[in-house]
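See structure below.
Remember, it's a predicted structure, so these values are computed and weren't measured experimentally.
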Amino acid sequence: MTEQHTLKEKLATLRVEHRDLDDIITRLTSQFPVDQLQIQRLKKRKLLLKDLIARLESELLPDIIA
């Protein structure tokens with residue numbers, strides 16, 4: 001497997017996890033009582049995943065010399 005293929009697979013996995021966290025957060029905020037601490041932790045994890053996704057996307061883009 002090439003490095004680029006591995007990065008694409010990792011990126012897909014992170015995107016799925018990010019989307020799943022979004023669903024979980026939405027579901028938790030609609031329940032009563034709301035566990036703010038758990039929601040805060042999930043949001044931090046979601047933000048971390050967003051940063052990792054952005055980093056992997058930038059690694060997959062070829063360098064363009066202007």
Suppose clustering is done on Ile, Leu, Val, Met, Phe, Trp and Tyr with side-chain heavy atoms closer than 4.5 Å. Which residues sit in the same group as Val16? none
Considering only residues two or more places apart or on different chains, which pairs with a residue in residues 19-34 satisfy salt bridge (Lys or Arg N to Asp or Glu O under 4.0 Å)? Asp22-Lys46
Please list all pairs meeting side chain to side chain donor-acceptor pair (under 3.5 Å) that have one or both residues in residues 36-45, counting only residues at least two apart or in different chains. Glu17-Arg45
Fellow cluster residues of Leu14, listed by chain then number, with links counted only when side-chain atoms sit under 4.5 Å apart: Leu7, Leu11, Leu21, Ile24, Ile25, Leu28, Val34, Ile39, Leu42, Leu48, Leu49, Leu52, Ile53, Leu56, Leu60
Any pair counted as salt bridge (Lys or Arg N to Asp or Glu O under 4.0 Å), so long as it reaches residues 49-61, sequence neighbours left out: Arg15-Glu57
